[in-house]
Amino acid sequence: MKVSSAKVSKESKVHGGHHKNSLHSKRRSHHSILPLQPSDQLDQWSSVTVDMYSNHHQPQTSHTSTSRSSDYSAGGGNNGEPSGTGNKWASRLLKECARAISDKDSSKIHHLLWMLNELASPYGDCDQKLASYFLQALFCKATESGQRCFKTLISVAEKSHSFDSARKLILKFQEVSPWTTFGHVAANGAILEALDGEPKLHIIDISNTLCTQWPTLLEALATRNDDTPHLKLTVVVTANIVSSVMKEISQRMEKFARLMGVPFEFNVISGLNHLGELTKEALGVLEDEAIAVNCIGALRRVAVEERAAVIQMFRSLGPKVVTVVEEEADFSSTRYEFVKCFEECLRFYTCYFEMLEECFTATSNEKLMLERECSRGIVRVLACDDDQDNEGECERRERGSQWSERLKEAFSPVGFSDDVADDVKALLKRYRSGWELAQPHQNETGLYLTWKEEAVVWVSAWKP
Amino acid sequence: MAEESISNGFVMNPVSGSNPPVVAKKKRNLPGTPDPEAEVISLSPKTLMATNRFLCEICGKGFQRDQNLQLHRRGHNLPWKLKQRSSKEVRKRVYVCPEKTCVHHHPSRALGDLTGIKKHFYRKHGEKKWKCEKCSKRYAVQSDWKAHSKTCGTREYKCDCGTLFSRRDSFITHRAFCDALAEETARLNAASSMHSLAAAGNFNYQLMGNPLDTGNGMPQHFSTVFKPISSCNDDAIDQTRRGFSLWMGQASQGQDSIGKSTLTLQEIQQFGSLNPGSIYGDPMVSTSNPPALDYQLNWVFGNKVSSGNAEDHQLTTSTSLPLSNVKENGPQLVSVPSLFSTQHQSHQTPPFSMSATALLQKAAQIGATSTDTSFLGSFGTKCSNSQDGNKYTDLYVSNTPTTTTLGSDLENSANDISTLNQLQMYPAKRRRMQNEDGSGGGGETRDFLGVGVQALCHPSSINGWT
């Protein structure tokens, strides 16, 4: 078992009969119904009663009274349910809890949430971290407090982000992992090839990578051949980025472009409720410009029903190339089936967290911050209703094949040239092992980044 | 090579007008500036690409190089008479590129070496068949590729902030966001807002070739540029004020502070080349080489900024054109100085009544007398003048480990800015050629720190075409 008492920040005792006693005692004390107080911190979870469906108090069923250790051991499971994949306790507990929520089995929910809370910690190992962040989402789902929690998480994030911290975070991440740089290199390659020879370039950038994609593109434009084109970069800001951060970024970009000797113009568009609202005029698209639309982690933030409209909007801008980079996960087709969605979500974030664990040092602050960033997405996908107006915060990822279906409505795919593929391979070589470039299956387009043979990021290029 | 009048009916423009003085070291000519008396050979692409052009008359064996053929011929044990090559003097041969659109197609820009023209042809007009595995850079000439592979990945990039990178892409991205870069902006902004500040405190001189008085703010950019990066902002602002006061001095304010100057013309000359930091006598300077260079770059761009917003497209485009000619080593420093130099010429002696600024002006004029046509000459003379050259060796060398030509060349470089600028003007055009048939592959050593430094030292390296 991975949990060691030192790591668990809760006050308990982890093993054996002792637990049982406390379990019993807690149940007894919770017999009186207390109103739900969702504003309480999860840390105090054990003292908060959750009485969701009725004040039914079930006697200890056999599965809860058997010793705890059996729940943790590999292949354990006298809970009468088939255990999930792998022998990781977090995964099993979490999935069980999800099922319980879906089944509305309140005592089981209660029990599992409590157990998870005992074991989870955002400062522990992967299992503990996953348990912590997913527990939060499960709790919100169970108590129908997802929306509120989400908004709180957003405002906390906004307050704690500064340009310096955001910059440090993303640059460090890019140094240790090709998760984002993979998409950048491939997209830049496609853009350069598609816009080759054009004197006036206009790139419309809707990304979550804070313009870290562009320095290398600027350098390439400056050095590639004799005539350096004029580049206009219009960045469409998605919700979370604070305006002061964008201001700093714009200054640096302008300065860097000067240094590179690339004639450059930088614009920021913010305050959009919905990407579909963008127009040619709003973006400042001019007739003589060659347009490229670059979306990194952007499409998934669009509400599912509006995605087709946004893609049509891109088409209306008349771009020469559209580059799309998305993480390979499907939270979209399963959005009405909680357990399936949950399992997919868990799978993806398990992969992500494990990747972070391996790429960063154990005590890395950046790793911690990146993990925290996930909490919003997890809560949003699992515990918030899509109906609620969340302003570009949807976070329902789709797989490359699904995006392709959508994009094919307005565009046709462009393959990546061998040169670009070579560039990507050279990039991956510069990182530690485990990363590979994978070609798509037949009839599919784009390129995949794989981590330990699991596809994690997808990049594609499209033309009208 | 003596550059004399055209002969043999070949159309050639005199490359350099005046005769340079004789120097002990035999200088290589610039590429594509052949001896007027040479015979111009034009080979077809097919012939160029053919290997084994040199045939042994005895056994018919083909060789890629003439030297190899000669070696081979020795093995035939020829009697003495036949051993000699044909007695008629072999005229010096130069070759033109068969590609019509190429600069080297014209005889006046012919290249002197058969191997050179072959490499040029492949590099410029050939297919890039050789590819580096590590960084996927492509080369048309195998030797270029080999040379690159040896150093690829071994190079380290150092940012102004001191961080080292082994990967170029992460270096580039870091640099774009680095605070060291941003400090420039902050300081420039600060400077421009301090227009009416009186001089304060110590007064540092900057060796400006021509203290320009554009009035609208260029001076302050120069002044800020030449400060070494200081880690504390107060210091920076302080220096900004100080620096600025130099220019304010021109406008008749702060005369007292200028009077504090202790430099004589002699000392200014001794300071040597474009090494603004050192003038401050600031111990920080020797450690802050990159800032000096970086400032160099920004100084140049300070021009742009000053003429009303970075969005001044006219200015932008005008500088981008020469910039774009420069492929390697970052365009900036090489050609934008031409902008500066233009202004240098357009701004005739500003009305300096102050002794200090007059000194500076004089220093500029000393440099200004050596125009580009004879820069090689002035170069030679300046070489001997540099007394403190050694001081600067490590300033630049430490920065870019792989550019080994730096140290010795730089200390010999021009002693003041104007000359240097003119030198830089010249190579603005030459650079492409240089890189084409100069060092293998040309561009792989391009990087941001290297930019400033290499650009600086190239004028000097014209002497020995490294």
Side-chain angles (χ1 to χ4, degrees), chain A residues 163-164 166-168 170-172 174-176 181 184-185 188-189 199 209-230 248-249 251-266 418-427 429-431, chain B residues 131-138 152-153 165-179 181-182 184-186 188-189 294 297-298 300-302 304-305 310-311 313 315-317 319-336 432 443 446-448 451:
Chain A
F163 170 71
D164 274 339
R167 168 190 62 172
K168 195 163 169 237
I170 196 167
L171 288 183
K172 184 71 185 165
Q174 291 180 344
E175 200 183 301
V176 302
T181 49
H184 288 175
V185 168
N188 282 347
T209 47
L210 303 179
C211 294
T212 47
Q213 177 176 358
W214 308 119
T216 38
L217 182 93
L218 282 167
E219 196 255 354
L221 285 178
T223 54
R224 169 169 79 128
N225 53 28
D226 306 341
D227 30 291
T228 308
H230 179 281
E248 285 276 352
I249 290 178
Q251 278 176 2
R252 311 255 170 151
M253 284 293 109
E254 281 167 356
K255 189 162 175 66
F256 186 75
R258 274 207 298 283
L259 192 69
M260 284 290 97
V262 177
F264 184 68
E265 192 183 324
F266 188 93
D418 287 338
D419 285 344
V420 175
D422 285 342
D423 283 341
V424 173
K425 282 186 200 147
L427 172 82
K429 277 202 197 110
R430 296 179 217 141
Y431 291 98
Chain B
K131 194 154 187 177
C132 173
E133 277 208 348
K134 287 180 214 157
C135 67
S136 75
K137 257 189 116 154
R138 285 155 226 104
C152 184
F165 295 88
S166 56
R167 278 182 10 220
R168 185 189 165 84
D169 52 339
S170 44
F171 170 62
I172 292 174
T173 315
H174 165 90
R175 191 121 205 304
F177 285 92
C178 187
D179 278 334
L181 206 65
E184 293 304 307
T185 320
L188 290 172
N189 290 338
D294 186 43
L297 299 172
N298 289 291
V300 160
F301 282 90
K304 275 213 261 190
V305 174
E311 301 308 295
H313 286 295
L315 187 60
T316 305
T317 24
T319 51
S320 69
L321 288 176
L323 286 178
S324 58
N325 281 337
V326 179
K327 241 199 297 192
E328 340 288 355
N329 300 325
Q332 315 77 279
L333 192 55
V334 176
S335 50
V336 181
R432 277 180 59 194
R446 165 180 1 142
D447 79 316
F448 309 114
V451 166

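The analysis underlying the following values was restricted to heavy atoms, covering all of them including side chains, and did not include hydrogens, waters or symmetry mates. Below, chains carry the letters A, B, ... as their sequence lines are ordered, and counting in each starts from 1.
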Item to check | Student check: side-chain heavy atoms of Leu259(A) and Arg175(B) closer than 4.5 Å | outcome: yes

Checklist outcome for this item: Correct closest heavy-atom pair for Cys211(A) and Phe177(B) would be O-CZ, 3.7 Å

Checklist entry - Judged by atom type as modelled, is there a donor-acceptor pair below 3.5 Å linking the side chain of Arg430(A) to the main-chain atoms of Arg167(B)? => result no

Next on the checklist: Tell me whether Lys168(A) at atom NZ has more than 12 heavy atoms from other residues, nucleotides or ligands lying less than 6.0 Å away.
Outcome noted: no

Checklist entry - Within the distance-only criterion (no hydrogens, no angle test), does the side chain of Arg252(A) pair as donor or acceptor with the backbone N or O of Ala176(B) below 3.5 angstrom? => result no

Next on the checklist: Looking at every heavy atom in both Leu171(A) and His174(B), which two are closest together, and how far apart are they?
Outcome noted: CD1-CA, 4.3 Å

Next on the checklist: Please classify the contact of Leu427(A) with chain B as side chain, backbone, both or neither, using a heavy-atom distance under 4.5 Å.
Outcome noted: side chain

Checklist entry - Does the side chain of Thr181(A) come within less than 4.5 Å of Asp169(B)'s, by heavy atoms? => result no

Checklist entry - Mind checking whether Arg167(A) and Asp179(B) have side chains closer than 4.5 Å, heavy atoms only? => result yes

Item to check | Considering all heavy atoms, the nearest Gln174(A)-Thr173(B) contact | outcome: OE1-CG2, 4.1 Å

